Amino acid sequence: MKTLILIAIGSAVVNNVVLSQFLGICPFLGVSKKTETAAGMGGAVIFVIGIASFVTALIYKFILTPTDTQYLQTIVFILVIAALVQFVEMFLKKSIPSLYQSLGVYLPLITTNCAVLGVALTNVTKEYGILESVVNGLATAFGFFIAICIMAGIREKIEYNDIPKPFQGTAIVLITACLMSIAFMGFSGMI
Amino acid sequence: MSKYTERLYNGIIKENPTFVLMLGMCPTLAVTTAAMNGLGMGLSTTLVLVCSNLLISAFRKVIPDGVRMPAFIVIVASLVTVVEFLMKAYTPDLATQLGVYIPLIVVNCIILGRAESYASKNPVLPSIFDGIGMGLGFTFGLTCIGIIREILGAGQIFGVQILSLEWFTPITIFVMAPGAFLVLAFLVAVMNIVREKMEAKGKPLAAPSGCLTGDCAHCGQSAMCTGKKSE
């Protein structure tokens with residue numbers, strides 16, 4: 001239990017997926033203009049990474065390890081993730097339309113989101129079991145959710161500020177990300 | 001200029017993936033803590049890009065349009081696996097430094113972007129040169145950013161002490177995570193000024209098509225994110 005909590009805190013805030021590992025930068029910069037869309041994207045990422053880390057951990061443990069084909073992990077994981085996102089999209093559309101309404105538009109954008117593949121590969125590198133993998137995946141995705149929501153909140157305020165012309169748009173967002181990253185470094189003493 | 005040298009010029013200068021198109025930002029931020037890492041990452045991406053352009057261009061008439069993306073992903077993922085094992089065998093230190101970012105070359109938007117927009121439509125030889133040009137352009141970009149961060153953060157270039165520690169206090173933040181965002185922010189700002197100047201001169205630069213534009217709907221590469229055909 002203690003290790004699981006340590007893994008969760010470590011992945012969510014200490015080694016934040018966006019601000020210290022630079023995974024999932026694209027949606028972080030792309031869909032953080034409004035808090036509602038940012039929360040939607042964050043929710044979709046939690047959903048997909050949670051399922052993906054469970055499925056990839058299962059495949060690694062019960063298919064790749066017994067057949068001694070761990071070297072295929074990159075190929076297998078990316079295909080599984082791509083297929084999984086399609087299935088999740090179809091399933092949600094059919095059975096939980098209300099959830100699909102709020103998450104649906106973001107799902108296809110997640111297929112090549114490097115955070116999903118990154119988490120699956122990290123789980124293998126750190127030799128996590130299935131439960132640990134799921135906890136790590138959910139915590140990492142929650143870290144993404146925190147980062148993108150804070151960023152969207154700040155960006156809504158930045159809109160009203162007088163920013164020098166070359167810095168308008170992406171540049172000021174990156175400077176904000178820099179300051180957030182410095183703030184998140186404060187967590188590094190926790191574990 | 002022959003069409004091959006034109007491809008090289010296009011990749012390295014005119015549509016430089018880092019400075020002009022702003023593609024592949026995850027590795028750009030993550031591995032440029034030192035010039036050497038940037039160079040290593042750039043060269044390994046180049047190798048994958050050249051081989052994937054070659055294969056995809058050679059098979060472009062065989063791959064059915066409907067399963068184009070999965071086919072490209074399998075080709076790229078196999079090549080990345082090969083490169084990963086080569087690096088682990090011959091440059092183990094660099095492989096440890098780059099870590100998870102080597103397998104993540106698979107989701108680097110430059111590679112699938114070039115496959116989609118160039119290699120799947122053009123003959124083999126120009127596609128190879130396109131890969132070399134784009135790859136070297138990416139390598140150039142990563143190495144430049146790596147050099148800036150290494151000088152400011154450690155006073156070194158490629159691990160050689162340039163600025164004496166007697167009078168220079170390294171600004172360590174530049175080799176840490178926040179420094180990556182800061183350097184990239186200034187790079188984007190400088191490119192905005194350059195862009196404006198070039199437009200005033202009547203020679204506009206190619207528009208950035210990467211994730212930094214923050215507009216997924218109009219991104220040239222959105223076909224590979226959504227897996228759907230671009231209009």
Side-chain angles (χ1 to χ4, degrees), chain A residues 16 19-33 71-79 81-83 85-86 106-118 120-122 124-125 164-185, chain B residues 22 25-31 69-70 73-74 76-78 80-81 84-85 99-109 112 173 176-196 208 210-217 219 221-222 224-228:
Chain A
N16 188 280
L19 298 170
S20 83
Q21 297 185 63
F22 308 109
L23 300 176
I25 294 285
C26 305
F28 178 67
L29 300 175
V31 273
S32 57
K33 280 204 184 101
Y71 60 89
L72 289 176
Q73 49 166 308
T74 312
I75 306 174
V76 173
F77 286 179
I78 185 79
L79 286 178
I81 290 167
V85 175
Q86 297 282 327
Y106 309 105
L107 283 176
L109 294 175
I110 302 174
T111 317
T112 47
N113 180 344
C114 39
V116 187
L117 184 62
L121 291 169
T122 314
V124 170
T125 322
K165 194 150 182 279
F167 280 93
Q168 282 173 8
T170 314
I172 194 71
V173 177
L174 285 167
I175 296 216
T176 315
C178 165
L179 296 175
M180 282 170 67
S181 177
I182 293 176
F184 269 71
M185 275 169 71
Chain B
M22 308 258 169
M25 280 304 147
C26 295
T28 308
L29 287 163
V31 302
M69 275 301 145
I73 289 178
V74 174
V76 176
S78 322
V80 168
T81 309
E84 191 188 354
F85 280 99
V100 76
Y101 296 100
I102 304 173
L104 286 177
I105 295 177
V106 181
V107 283
N108 187 327
C109 37
L112 283 175
I173 197 102
M176 294 159 88
F181 288 113
L182 196 60
V183 170
L184 195 67
F186 277 90
L187 179 74
V188 172
V190 169
M191 281 318 287
N192 281 344
I193 298 173
V194 172
R195 209 172 281 279
E196 206 167 280
C211 307
L212 285 200
T213 52
D215 184 8
C216 289
C219 161
Q221 266 70 33
S222 67
M224 61 170 235
C225 281
T226 57
K228 280 159 198 149

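Each chain gets a letter, A, B and so on, in the order the sequences are listed, and its residues count up from 1. What you see below is based on every heavy atom in this structure, not just the backbone, and it leaves out hydrogens, waters and symmetry mates. Because the structure is predicted, anything quoted here is derived from the model rather than measured.
Only the side chain of Leu79(A) comes within less than 4.5 Å of a heavy atom of chain B; its backbone N, CA, C and O stay farther away. In this structure, the portion of Met176(B) lying under 4.5 Å from any heavy atom of chain A is its side chain and not its backbone. Interface remark: Met185(A) contributes side-chain atoms only to the contact with chain B (heavy atom separation under 4.5 Å). Using a 4.5 Å cut-off between heavy atoms, Gln21(A) touches chain B through backbone and side chain atoms alike. For Leu187(B), no part lies under 4.5 angstrom from a heavy atom of chain A.
A perpendicular orientation is assigned to the rings of Phe186(B) and Phe167(A), their planes being inclined by more than 60° (bins at 30° and 60°). Ring-plane geometry between Phe22(A) and Phe181(B) is classed as tilted, the angle between the planes lying from 30 to 60 degrees on a 0 to 90 degree scale.
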Working for side chain to side chain contact (heavy atoms under 4.5 Å, CB included), residues Phe28(A) and Leu23(A): CA-CA 9 Å; Phe28(A) 178 67; Leu23(A) 300 176; over 6 Å; no
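The minimum heavy-atom distance between Leu174(A) and Ala185(B), with the atom names listed, is CB-CB, 3.6 Å. Contact record, Cys114(A) with Gly24(A): SG-N, 3.4 Å, taken as the closest heavy-atom pair.
Interface remark: of the candidates Pro27(B), Gly179(B), Ser78(B), Ser78(B) forms the most heavy-atom pairs closer than 4.5 Å to chain A. Options Leu179(A), Leu72(A), Ile75(A) differ in how many heavy-atom pairs under 4.5 Å they form with chain B, and the most are formed by Ile75(A). Interface summary for chain A: among Thr81(B), Val80(B), Val74(B), Val76(B), the most heavy-atom pairs under 4.5 angstrom belong to Thr81(B).
A distance of 6.5 Å separates CZ of Phe77(A) from CG of Leu121(A), quoted to the nearest 0.5 Å.
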